[in-house]
Amino acid sequence: MAKMKNRARGKADPVVTEIVRNGVIAVTEEMKTNLMRTAYNIIIYEALDFTTGLFTTEGETVSIGIGLPMFIRGMAETVKAKIRHFGRQNMRPGDIYVTNDSYLTGSHLNHVTLTLPIFYRGVLVGFSCCMAHWLDIGGTLGGITTDIFSEGLQIPILKLHDRGRPNETLIEVIKQNMRLPSRAMGDLRAQITAVKTGERRFLELVDRYGREQVLAAIGAIMDHSEAMARARTRSIPDGVYEAESFMDDDGIEIGKQVPIRVRVIVKGEEMTIDLTDVSRQVRGSFNSGITTGHACSQVAYKCLTSPTDYPINDGAFRSLRAIVPPGRVVSAVRPAPMRWWMTYPMTIVDTVFKALAPVIPDRVIAGHHADLVIAATHGINTKTAEFFLANFGPLGGGWGAKRNEDGVSGTVCINDGDTHNSPSEQSEVKFPLVVERYALIQDSGGAGRYRGGLGLERVVRARVPMTFNSHVERAHCKPWGLAGGNEATGNEVAIRVGGQWKTDFPNAKVLVAYLQPGDAFRMRSGGGGGYGSALERPIEAVAADARQGYISLAAAKEFYGVVLDPKTFTADLQASERLRSAMRSAGPNAAA
């Protein structure tokens, strides 16, 4: 049995440890709040596309503000890279370091990361960090990019502030490459506010309880997280578990599926997630860097072993090994394009759950819609004569059912964690768009003893001429069911031009479509897969779903074997039992 390594600095006082546990969570949450309140772009202050964090002097995660799960490894590796680049001996109070290197953060260039070294009485005690999405980072707007150079400004590891003095040359270079420089500078200042908040509040904690006690408490918290993760891993039967799925295509070779294969090895209190057989990096912009390969392994492991253990810290991952060879879609090498980095990792997490479903059915869910399902539009607002870039944040969709619970509906994908849908009213005020429809989609959830969650439909009308782009995945790889549950509907995109809907796209990637006033686009997110046989769902639960409009009368009969009165939605029990008996006799595929 592997032994835990005690990394605590000295003996931790248990009372101080619990105060510090809640204190570091409070610090990172206040960093989040201040960023939200001071940011300029809706994608930060409303959609919450960012994450804040505190890190040790070694770059280990102490706590991250609940945000995008996939950022956890990217932020930690960025802090470590900045330590290697500058050296601790060359870091000074008042420094702030910046980068958006995609191959380091693992994500696209839009994610700008600021890191501030925290000094207490001249001694380095940690780092405050913030990674946030800038709406524009330059680069081409439409179509599929094929290398990193077309995606925008690349900022290597540089000093944004040197001992408190701003690097005005760097700031001017950034401004020169932004289409909306005032917005970008507003978001940059907001991130500075966030990391300074982390510095101030962490120093208050250290000053109150003492440097050695706080650092010892952080070590004890990490050791506890490690112990909990190891204990939960021991409860998984030893073995090698495999599963596969696929992505629709890379946006260039239309219709050519991108294979996703995972291997999970459990031995005692340790788990290995092997992504060797995940597809090689692709020509289209759906690649991500190697830190994201490790991050999707960590996200899956966290969900399986310690989903409610806070703060989220590196101790929880000491019993995890991720095998991520370079050159895969989640470990792409320069100059691979990275703009839609977030899409494939979600399906990898889904596939890890799928691999382990036979041995820990109580801890996994069926497949979910696994995409942001967003559209990007841009043009000139004729009312203000200003250029605009608009999106609504992730649409949300259906999540898979569990062994004892229906899947949730209209909820953002696993990559985006705590991000939010943008309010329709706010988007209509800020951009020349009108939301015509925003509703749950009937029959989108996979049928099962427990039903998958429902997807959402949003129809948006253009008020001025604009260009529309969507890069939506999982139209063909539909969210799968487990233990006999049915698959859900996939993600869909359509556009209305001249009053006619165009729906015959080969996938859900609609690129450089020109919309005139009155034209519209429609985004439909997929549902979640079902769990267990639909013929085992209680008849009254099926009737209740029909009354709520979640399923149609036809679906109630076809998939669940339930006959309902079309006016009262009352179940005909005798007819339903006869139908279910006949469907069971016909075999397991009768309701598929």
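Values in this document were obtained by computation on a predicted structure and should not be read as measured data.
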Quick one, [X] and [Y] - any side-chain contact, counting heavy atoms below 4.5 Å?
| X | Y | answer |
| --- | --- | --- |
| N287 | W340 | no |
| F55 | M75 | yes |
| H378 | F468 | no |
| P517 | P465 | yes |
| L515 | F521 | yes |
| L153 | L109 | no |
| D248 | Q257 | no |
| M466 | V464 | yes |

Neighbour count >12 (heavy atoms, 6.0 Å) for atom [atom1], [X]:
| X | atom1 | answer |
| --- | --- | --- |
| R280 | CZ | no |
| K302 | NZ | yes |
| E168 | CD | yes |

Working to the nearest 0.5 angstrom, can you tell me the gap between [X] [atom1] and [Y] [atom2]?
| X | Y | atom1 | atom2 | answer |
| --- | --- | --- | --- | --- |
| C413 | D371 | SG | CG | 6.5 Å |
| E386 | L180 | CD | CG | 8.5 Å |
| R37 | I44 | CZ | CD1 | 16.0 Å |
| I148 | R339 | CD1 | CZ | 9.0 Å |
| M346 | I414 | CE | CD1 | 9.0 Å |
| R183 | I43 | CZ | CD1 | 12.5 Å |

Would F149 and Q154 count as a side-chain contact (heavy atoms from CB on, under 4.5 Å) if you check the C-alpha gap in whole Å, the side-chain angles of each, and the deciding distance to 0.1 Å?
-> CA-CA 8 Å; F149 303 105; Q154 299 182 64; 3.4 Å; yes

Is it true that a side-chain atom of [X] and a backbone atom of [Y] form a donor plus acceptor pair closer than 3.5 Å?
| X | Y | answer |
| --- | --- | --- |
| H369 | G398 | yes |
| N391 | A375 | no |
| S444 | G527 | no |
| E457 | L440 | no |
| S470 | V472 | no |
| H471 | A376 | no |
| N177 | I174 | no |
| D250 | E253 | yes |
| E487 | G529 | no |
| N313 | V62 | no |

Are a donor atom and an acceptor atom from the side chains of [X] and [Y] found within less than 3.5 Å of each other?
| X | Y | answer |
| --- | --- | --- |
| D187 | N41 | yes |
| N34 | T193 | no |
| T105 | T78 | no |
| T347 | S245 | no |
| N491 | S525 | no |
| T343 | E473 | no |
| K32 | T52 | no |

Are R334 and D101 close enough, and set up right, to give a salt bridge (Lys or Arg N to Asp or Glu O under 4.0 Å), and what steps lead you there?
-> CA-CA 10 Å; R334 194 178 295 274; D101 185 341; 3.4 Å; yes

Using a strict 4.0 Å threshold on nitrogen-to-oxygen distance, state whether [X] and [Y] make a salt bridge.
| X | Y | value |
| --- | --- | --- |
| R201 | E204 | yes |
| R73 | D314 | no |
| K159 | D162 | yes |
| R179 | D136 | yes |
| E436 | R496 | yes |

For [X] and [Y], which heavy atoms make the closest approach, and how far apart are they?
| X | Y | result |
| --- | --- | --- |
| P432 | N381 | CD-ND2, 3.9 Å |
| V299 | M70 | CG2-SD, 4.1 Å |
| Y344 | D249 | OH-O, 3.0 Å |
| G251 | I144 | O-CG1, 3.8 Å |
| M523 | L395 | O-CD2, 3.7 Å |
| P337 | D147 | CB-N, 3.7 Å |

Test log, rule side-chain contact (heavy atoms from CB on, under 4.5 Å), inputs I441 and L456 | CA-CA 6 Å; I441 304 171; L456 289 169; 5.6 Å; no

Reference residue V195; test side chain to side chain contact (heavy atoms under 4.5 Å, CB included); the match among L35, T113, L116, T115 |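 Result for side chain to side chain contact (heavy atoms under 4.5 Å, CB included) with V195: L116.
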
Worked verdict on I137 versus N100 for side-chain contact (heavy atoms from CB on, under 4.5 Å) = CA-CA 10 Å; I137 197 72; N100 72 338; 3.9 Å; yes

Is the charged tip of [X] near the ring of [Y]: under 6.0 Å from the six-membered ring centre and within 45° of its axis?
| X | Y | answer |
| --- | --- | --- |
| R458 | Y438 | yes |
| K509 | F286 | yes |
| K502 | F505 | yes |

Please work out which of the three classes, parallel, tilted or perpendicular, describes the rings of W399 and H368, given edges at 30° and 60°.
->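 The arrangement is tilted - the two ring planes meet at 30° to 60°.
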
Any idea how Y97 and F86 line up, ring-wise: parallel (<30°), tilted (30 to 60°), or perpendicular (>60°)?
->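 If you compare the ring of Y97 with that of F86, the planes turn out parallel.
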
Results of side chain to side chain contact (heavy atoms under 4.5 Å, CB included) for S288 - residues two or more places apart only =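 Counting only residues at least two positions away or on another chain, S288 forms a side chain to side chain contact (heavy atoms under 4.5 Å, CB included) with T292, V330, W341, P345.
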
ring-ring contact (aromatic ring centres under 6.0 Å, His included) between H111 and F71: does it pass, once the steps are laid out?
-> CA-CA 10 Å; H111 286 151; F71 280 5; 4.5 Å; yes

So T28 and L54, side-chain contact (heavy atoms from CB on, under 4.5 Å) or not? Walk me through it.
-> CA-CA 7 Å; T28 49; L54 293 175; 3.9 Å; yes

